[in-house]
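Notes to accompany the following structure.
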4 protein chains.
Amino acid sequence: MKKTTPDTEIKNKIYNVARKLFVEKGYHRASIPDLVRASGVSIGAIYHHFPSKEELARTIHEDAVNLFLNKYDCYVRPRQSGREKVRYFVKMMFEWADTDLITVNYLLHARPPEVLNCNFTICTAEGLEAVKEIISCGQACGEFKPVNPILLAAMVSGPIMRMIELKTDGVITEPLSNLIDETAELIFSALRA
Amino acid sequence: MKKTTPDTEIKNKIYNVARKLFVEKGYHRASIPDLVRASGVSIGAIYHHFPSKEELARTIHEDAVNLFLNKYDCYVRPRQSGREKVRYFVKMMFEWADTDLITVNYLLHARPPEVLNCNFTICTAEGLEAVKEIISCGQACGEFKPVNPILLAAMVSGPIMRMIELKTDGVITEPLSNLIDETAELIFSALRA
Amino acid sequence: MKKTTPDTEIKNKIYNVARKLFVEKGYHRASIPDLVRASGVSIGAIYHHFPSKEELARTIHEDAVNLFLNKYDCYVRPRQSGREKVRYFVKMMFEWADTDLITVNYLLHARPPEVLNCNFTICTAEGLEAVKEIISCGQACGEFKPVNPILLAAMVSGPIMRMIELKTDGVITEPLSNLIDETAELIFSALRA
Amino acid sequence: MKKTTPDTEIKNKIYNVARKLFVEKGYHRASIPDLVRASGVSIGAIYHHFPSKEELARTIHEDAVNLFLNKYDCYVRPRQSGREKVRYFVKMMFEWADTDLITVNYLLHARPPEVLNCNFTICTAEGLEAVKEIISCGQACGEFKPVNPILLAAMVSGPIMRMIELKTDGVITEPLSNLIDETAELIFSALRA
DNA sequence: CATGAATGAGCATTCATTCAT
DNA sequence: CATGAATGAATGCTCATTCAT
């Protein structure tokens, strides 16, 4: 994994505050002056560490994607059955959301297409690939229904994303990790052949 | 249903172009000059018909919400079983998305909370109520699993939203209406007791 | 006296509301939309009766000037002595201010130079002439001090304007007409030889 | 005295040009682009140094008020008799007007009430207090007539303001300082018991 | 006569970015 | 490395005015 994450203290400050603001207010409403205010760092310092606001956003985004892919490799890929992969995918996302809702929301909602030229959410590009891999594994061994795989992918990612949104919006108040098994089971009961 | 939709030709032009741009570029990136360019209407005309950009967005948003609620009342509420309600909800959303993807996406993604003071997506506020109504109906008669209703709600709305996103992103190319039965069945198999 | 004052009901409405707003908010802050709001008259009607906002202001201003000159001719000019002229000038202004503070303030403060190309306050142009006439009359017959007439003019107009300002600002609450004799006497005691 | 006056060169430039334009054209007609044109400073620089046009005006205004109050404390307050106070007040204002007509006119005419929330001219608020102090001192020791003090105040401030206006309008061409004694004497002859 | 939709120049302000210190 | 003064394009919006009805 390419390490893009900042290492000096001040760079870290900028990075973290930026991620928070981008999620809270959206990329366009989070201005450099906002960032300066919220971080206590100078304009100059921001432009010293990042070539532009857009590049700062891209860095944050790519780090989140890489984190996602890493987590996926660790948590999900090693599982043998489709059912287990689904369970661990839910577990991975819910625990991550409990730990760092900001990053997860960035991944889900920062709507990079508006900002960057890439178009990534968990179910698009690399994200979509991950979920499709779960599906094709489950379908290959006859564990999942032999229907349109895109549809099954939506059955996996859709509820997970919704749950995280509902957590973010305060509709769900308990930790998502309490709901891992129930959610995974429900999703699995839709997929199972 | 309160009719907020514009009636003069030019007001309509502004309204439609605005909705399109707000979805395509997001509220903040869709500037008034953009709107002027895209619609051929003058700045003054926009402000003659709508008191502000924000109010224009709010009008569009409320119209979409009202449309959703109306459709829900017509399509979904009259169905007797939970299964039928789910099927007609999927049908309603997929056919709507095929007919007017812009409005549906506005509803799903325009993220009005950034802009407006309301916070509505199909699964929040009125939208959430609609889906919860489906769930509680299905649970009341023992048709659906007696688990956390929020979770079941996410199992309904999540996949639908995902499918519409995938259609928007071009991952799905066929009309969503081709996938109504399959999707509804899949969702139902997750919910069923 | 050239009669510029409007005669139709609607023209009158525009005229009176405009004068009020020009004094209250100043010419530049009193917008045509404000005028429409405050008068209930349509934009079109305003432009039907007056060629432009500036011309409307000029009309109002010239009427006020003409009114001033007429009043001067009636009240002040016929007086024989400087003392009487001063007394009647004070009387004229104070009674006018009690009756129609708006017009008087327009005359004093609308600062037409900002707006129009004329530069008139009671003590400039025609206004100045009036006061200078009082002074030269009083000086000619040895009633007033033989000092710089401009200075004496300032001694007449300055206190009168100040009193009207203080009335407008609410510092003086009683009718100015109660103060006519006292004021005139005070001014006269400064001028008298 | 709180020092609000700017200290960097560019801030000074903005400040001085703004004061000049506000007096010449009035607050509302003096636009930021005008300011940019007249000062050679960029828009950004203006907003870097002052949070808004209104705050810029308020700063200028408050500085002028403070300057007035300081001058009053130095020149007028130490005088013992009412006559001397009047003389020094005239002297202070006339010399100030000769030196910096712009600031004095700002104080007299910028009509901040339209803009700001304070309502200060020499004879209102702090200004009025200053003149009233002169009056009450003179009345206390029987030097001035025992009439309505507001009236006496108008006899002091009115002619002074008129003279400065006449100087500004070009009616008076010689330095006002030539007229100090004559003016003070005239005013005093009105006040004296 | 009267209306009000339409126009577009102009305004106050924000913001990403540069660069001299 | 770090600062923050300076820039000016771009934005949302207001307003005097025109003109078809």
Side-chain angles (χ1 to χ4, degrees), chain A residues 8-11 14 27-37 40-57, chain B residues 8-11 13-14 27-37 39-57, chain C residues 8-11 13-14 27-37 40-57, chain D residues 8-11 13-14 27-36 39-57:
Chain A
T8 74
E9 177 148 4
I10 194 165
K11 192 168 184 182
I14 296 165
Y27 175 79
H28 290 101
R29 295 250 295 219
S31 69
I32 295 290
D34 284 343
L35 231 162
V36 167
R37 237 123 43 205
V41 155
S42 73
I43 297 180
I46 294 171
Y47 280 89
H48 181 74
H49 287 291
F50 298 94
S52 70
K53 188 187 173 189
E54 191 170 330
E55 207 53 49
L56 170 55
Chain B
T8 74
E9 179 149 1
I10 194 163
K11 192 169 184 179
K13 186 88 187 162
I14 295 165
Y27 175 79
H28 290 103
R29 290 256 295 228
S31 70
I32 296 290
D34 285 345
L35 234 162
V36 167
R37 240 123 41 203
S39 67
V41 152
S42 74
I43 297 178
I46 295 171
Y47 281 91
H48 182 74
H49 288 290
F50 299 93
S52 68
K53 187 186 171 189
E54 190 170 332
E55 207 54 48
L56 171 54
Chain C
T8 75
E9 178 149 3
I10 194 164
K11 191 168 183 180
K13 186 90 188 159
I14 296 165
Y27 174 79
H28 290 103
R29 293 253 294 224
S31 69
I32 296 289
D34 283 344
L35 230 162
V36 167
R37 240 129 34 209
V41 156
S42 73
I43 296 179
I46 294 170
Y47 279 89
H48 181 75
H49 288 291
F50 299 93
S52 70
K53 188 187 172 188
E54 191 170 330
E55 207 53 48
L56 170 55
Chain D
T8 74
E9 179 150 2
I10 194 162
K11 191 168 183 181
K13 187 88 185 161
I14 295 165
Y27 176 79
H28 291 103
R29 289 256 296 228
S31 71
I32 295 291
D34 285 344
L35 234 163
V36 167
S39 68
V41 152
S42 73
I43 296 177
I46 294 172
Y47 281 90
H48 182 73
H49 289 289
F50 300 93
S52 68
K53 186 186 173 189
E54 190 170 331
E55 207 54 49
L56 171 54

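Being a predicted model, the structure only gives us computed values, none of them experimental.
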Could you give the [atom1]-to-[atom2] distance, from [X] to [N], as a whole number of Å?
X	N	atom1	atom2	answer
B/I14	E/dA5	CD1	P	11 Å
A/I46	F/dT3	CD1	C1'	12 Å
D/Y27	E/dC11	OH	P	13 Å
C/F50	E/dC1	CZ	P	13 Å
B/K13	E/dT7	NZ	P	13 Å
A/R29	E/dT14	CZ	P	14 Å
C/E9	E/dA2	CD	P	11 Å

Seminar exercise, completed: To the nearest 0.5 Å, atom OH of C/Y27 lies from atom NZ of C/K53 at 5.0 Å
For this session: Measure the CD1-CG distance between D/I46 and D/L56 for me, rounded to the nearest 0.5 Å.
Result: 8.0 Å
Nearest to the side chain of [X], heavy atoms from C-beta on, is which of [options]?
X	options	answer
D/S31	E/dT13, E/dC11, F/dA6	E/dC11
D/I43	F/dA10, E/dT17, E/dT3	F/dA10
C/H48	E/dT13, E/dC11, E/dA2	E/dA2
C/I10	F/dG12, E/dT3, F/dC15	E/dT3
A/Y47	E/dA12, F/dA5, E/dT18	E/dT18

Exercise. Which sits closer to the 5' end of DNA chain E, D/K53 or B/G44, going by the nucleotide each is nearest to?
Worked result: B/G44
Exercise. Which comes earlier along DNA chain E counting from the 5' end, the contact point of D/A30 or that of B/A45, where each point is its nearest nucleotide?
Worked result: B/A45
Exercise. So, for C/I10 and C/A45, which heavy atoms are closest and what is the spacing to 0.1 Å?
Worked result: CD1-CB, 4.0 Å
Problem set entry | Shortest non-hydrogen contact between C/P51 and C/E55, atoms and distance | CG-CG, 3.4 Å
Exercise. What is the pairing partner of E/dT21, taking Watson-Crick or G-U wobble pairs with both distances under 3.5 Å in any strand?
Worked result: F/dA2
Exercise. According to the Watson-Crick and G-U wobble definitions, with both distances under 3.5 Å, which nucleotide is paired to F/dA9?
Worked result: E/dT14
Exercise. If you find the nucleotide of DNA chain F closest to A/G40 and the one closest to C/S52, which residue's nucleotide is nearer the 5' end?
Worked result: A/G40
Exercise. Across the strands shown, which category fits B/I32 at heavy-atom distances under 4.0 angstrom: base, sugar-phosphate, nothing?
Worked result: sugar-phosphate
Exercise. When you check the phosphate oxygens OP1 and OP2 of F/dT11, does a side-chain N or O of B/H28 lie under 4.0 Å from one of them?
Worked result: no
Problem set entry | N/O (side chain, C/H49) to phosphate O (OP1/OP2, E/dC1) under 4.0 Å | no
For this session: Please tell me if the side chains of C/H49 and C/T8 come closer than 4.5 Å, counting only heavy atoms from C-beta onward.
Result: yes
